[in-house]
Amino acid sequence: MTLYADLHRHLGGALHPRIIYKFLQKNDHPILNYFPDYDGFLNWFTRPCRTLEEFVKIHSLVEELQSLEHLPYFCLRLCRGAYTFENLQYMEIRYNPYFRTDKSLTVAKRIGQMTDIVEVITANLRPAEFPITVKQILCLDRRLPSHINEAILKVAKDNLGPVVGIDLAGPEIDPEKWEIWVKLMQKARSNGLKTTAHLGETAIDNVHSQYLTCLDRIGHGIHIPLVRPEMLKELAKRQITLEVCPTSYRQTGVLKDFHQLKTVFERCRKAGVAIAICTDNPGRNPAPCTLPGEYERLIDHDVIDFADLKSVQTEGFRSAFGYAGPQRQ
Ligand SMILES: [Zn+2]
């Protein structure tokens with residue numbers, strides 16, 4: 001059995017919609033007033049959005065469900081599904097701990113609760129029957145004030161080991177604030193954390209060259225090869241991997257066609273920039289979206305060749321932040 005590694009998957013978008021729906025039923029959640037049957041919920045939850053902002057709104061709903069009390073329920077299902085249905089050997093799951101804290105608390109108390117969130121996730125990402133290794137990446141968010149992002153970084157540092165890295169997430173707003181994020185990423189690195197950031201997903205505006213000095217990988221970054229291919233040389237020099245999540249671009253309205261990714265792959269290959277193919281938010285995609293399914297879609301659309309599969313699979317492990325063991329076949 002071939003085993004795989006997924007490096008870009010959000011806790012809020014990783015779960016099968018059926019699992020979320022069953023959870024809503026179990027908890028008699030008021031949102032069911034809008035969705036008395038599963039099909040209605042499924043259509044709403046997996047519909048393609050016009051913009052990333054619209055996409056992120058539904059994501060926020062799931063983040064609120066994933067409270068301290070309910071995280072064990074979601075973590076177990078996430079791990080067993082990834083191992084059983086996708087043959088994942090290794091996964092990096094990313095999430096914002098602040099968005100999972102109790103909204104009724106003060107900001108100071110919510111910041112304090114982030115430690116509990118990370119600890120409960122750590123304790124529940126090791127299901128005995130499913131031998132998958134899951135490491136965590138904590139997400140900073142462009143919409144949050146500095147002191148909360150600083151606190152997220154501190155929690156990451158305090159949990160180094162189960163937490164392997166820091167990501168910058170949220171809608172791609174305020175490109176002029178790059179300096180804030182570059183400083184935080186530098187700080188993360190000096191504390192032994194690896195770094196990635198959602199950049200160049202919807203446009204090129206956010207891709208300031210200084211980010212290249214402090215990132216180990218870039219979440220998406222597809223607009224670099226599409227719009228600024230001359231930057232690829234620097235990415236190659238610094239060995240920055242792009243995390244490319246094919247179906248995601250259709251769901252967030254970024255690309256119309258998978259075929260557009262052919263340019264991304266060709267230019268990166270030519271420049272020597274590594275690509276790790278990832279799933280981003282597989283639970284939000286209309287067809288059951290798995291990592292091997294993403295590989296298959298790329299072959300179907302002539303973006304990669306069947307013969308590339310081995311190197312694609314190897315790249316997932318090579319670019320991982322916390323993978324130590326040998327790759328099993
Ligand atoms: Zn993402």
Side-chain angles (χ1 to χ4, degrees), residues 5-15 45-46 48-63 66 74 78 82 86 88 90-100 121 134-144 149 152 156 163-173 181 185 188 194-207 211 215-224 240-255 258 261 264 275-285 289-291 293-294 297 316 319-321:
D6 192 358
L7 308 183
H8 187 140
R9 185 175 296 204
H10 293 261
L11 179 57
L15 289 149
F45 194 72
T46 62
C49 298
R50 275 166 303 153
T51 63
L52 182 63
E53 278 79 2
E54 195 184 314
F55 186 86
V56 169
K57 265 186 202 157
I58 300 179
H59 196 84
S60 304
L61 165 92
V62 182
E63 286 176 326
Q66 293 175 334
F74 290 115
L78 173 80
E86 297 184 69
L88 291 196
Y90 176 87
M91 174 164 65
E92 287 175 9
I93 195 82
R94 59 184 74 194
Y95 62 94
N96 185 310
Y98 186 77
F99 292 151
R100 284 161 178 83
I121 290 177
V134 186
K135 295 288 182 181
Q136 299 164 59
I137 296 175
L138 300 196
C139 298
L140 311 174
D141 195 286
R142 293 184 177 93
R143 295 162 294 179
L144 288 174
N149 282 316
I152 294 171
V163 176
V164 289
I166 279 287
D167 172 38
L168 172 58
E172 286 199 82
I173 50 171
W181 307 117
M185 291 296 168
K194 297 282 190 177
T195 55
T196 181
H198 283 72
L199 279 180
E201 178 181 4
T202 54
I204 195 72
D205 315 25
N206 249 297
V207 188
Y211 280 113
L215 292 178
D216 296 297
R217 301 196 310 240
I218 293 178
H220 310 297
I222 56 169
H223 283 81
I224 300 173
I240 298 171
T241 298
L242 294 189
E243 306 157 359
V244 173
C245 313
T247 302
S248 219
Y249 310 128
R250 290 262 297 264
Q251 291 300 96
T252 54
V254 170
L255 294 183
F258 287 116
L261 287 172
V264 171
I275 290 180
I277 297 167
C278 312
T279 57
D280 208 6
N281 293 290
R284 294 281 304 276
N285 297 334
C289 174
T290 61
L291 186 64
E294 290 293 64
R297 260 182 284 282
S319 291
F321 286 166

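Residues: numbered from 1 along the sequence shown. For ligands, and for the atoms within them, numbers begin at 1 and follow the listed sequence.
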(message) Can you list everything that forms a side chain to side chain contact (heavy atoms under 4.5 Å, CB included) with L61? Sequence neighbours excluded, please.
(response) I31, W44
(message) Tell me whether R284 forms a cation-pi arrangement with F55, defined as NZ or CZ under 6.0 Å from the six-membered ring centre and within 45 degrees of its axis.
(response) yes
(request) Sequence neighbours left out, what passes side chain to side chain contact (heavy atoms under 4.5 Å, CB included) with A169? Give chain and number order. (result) C139, D167, H198
(request) Using the test side chain to side chain contact (heavy atoms under 4.5 Å, CB included), find all partners of A156 that sit at least two apart in sequence or belong to another chain. (result) L138, V163, I166, L193
(request) Examine the side chains of S319 and R217 and answer whether a donor and an acceptor come within less than 3.5 Å of each other. (result) no
(request) Take the Zn ion (ligand 1) and tell me which protein N, O or S atoms are nearer than 2.8 Å. (result) H8 NE2, H10 NE2, H198 NE2, D280 OD1
(request) Using the six-membered ring wherever Trp is involved, compare the ring planes of H8 and H220 and label them parallel, tilted or perpendicular (cut-offs 30° and 60°). (result) tilted
